[in-house]
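What follows is one structure encoded as structure tokens, with my remarks underneath.
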Amino acid sequence: MNIQLVESLVNAIKSLSLEEQELLGKKLKDHPSWEIALERIDATRKAIYERRQGNPFETGVTEIIHQMREERNRQLIEVRCRRHCVAVRRSGRGRVCGY
């Protein structure tokens, strides 16, 4: 833990005007932690579960998140490959980049 950093932040926050402190508090509340977000997701899942009369989801929340990450990784790799292939073609080094 970086105690010196924490103390510096506390001093900086104390030096803010009341209006600035209120704005800071609002900004911090606007960005909930992942734990709060996960709790909200779980509460929503439970509400949907009740609406579905006890029929569970076929896939759990963590699995859905994992699938979404995998999909995003594939998209990013595809974009990177396209950019690389364009650069290879422009450089005249050949048609196949091997990426």
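Positions are given from 1 along the sequence.
In this structure, Asn11 CG and Leu16 CG are separated by 11.0 Å, a value rounded to the nearest 0.5 Å. The line from CZ of Arg40 to CG of Leu38 is 11.5 Å long, rounded to the nearest 0.5 Å. Separation of atoms CZ (Arg80) and CZ (Arg83) is listed at 10.0 Å; rounding is to 0.5 Å. A distance of 12.0 Å separates CD1 in Ile36 from CD1 in Ile41, rounded to the nearest 0.5 Å. Summarising the geometry, atom CD1 belonging to Ile77 is positioned 14.0 Å from atom NE2 belonging to His84; distances are rounded to the nearest 0.5 Å.
Looking at heavy atoms from C-beta onward, Glu39 lies out of side-chain contact with Asp42 at the 4.5 angstrom threshold. At a threshold of 4.5 Å between non-hydrogen side-chain atoms, the residues Leu24 and Glu20 do not count as touching.
Every residue was checked against the side chain to side chain donor-acceptor pair (under 3.5 Å) condition with Glu22, not counting sequence neighbours, and none meets it.
For the side chain to side chain contact (heavy atoms under 4.5 Å, CB included) with Gln67, the qualifying choice from Arg69, Glu63, Glu70 is Glu63, the only one to do so.
In this structure, Gln75 places its CD atom where more than 12 heavy-atom neighbours from other residues, nucleotides or ligands lie under 6.0 Å away.
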Side-chain donor/acceptor pairs under 3.5 Å, residues 2-9, sequence neighbours excluded:
residue: Asn2; atom: OD1; partner: Gln4; partner atom: N; Å: 3.4
residue: Asn2; atom: OD1; partner: Leu5; partner atom: N; Å: 3.0
residue: Ser8; atom: OG; partner: Gln4; partner atom: O; Å: 3.0

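Residue Gln21 comes nearest to Lys14 through the heavy atom pair NE2-O, 3.7 Å, listed as atom of the first residue, atom of the second, then distance.
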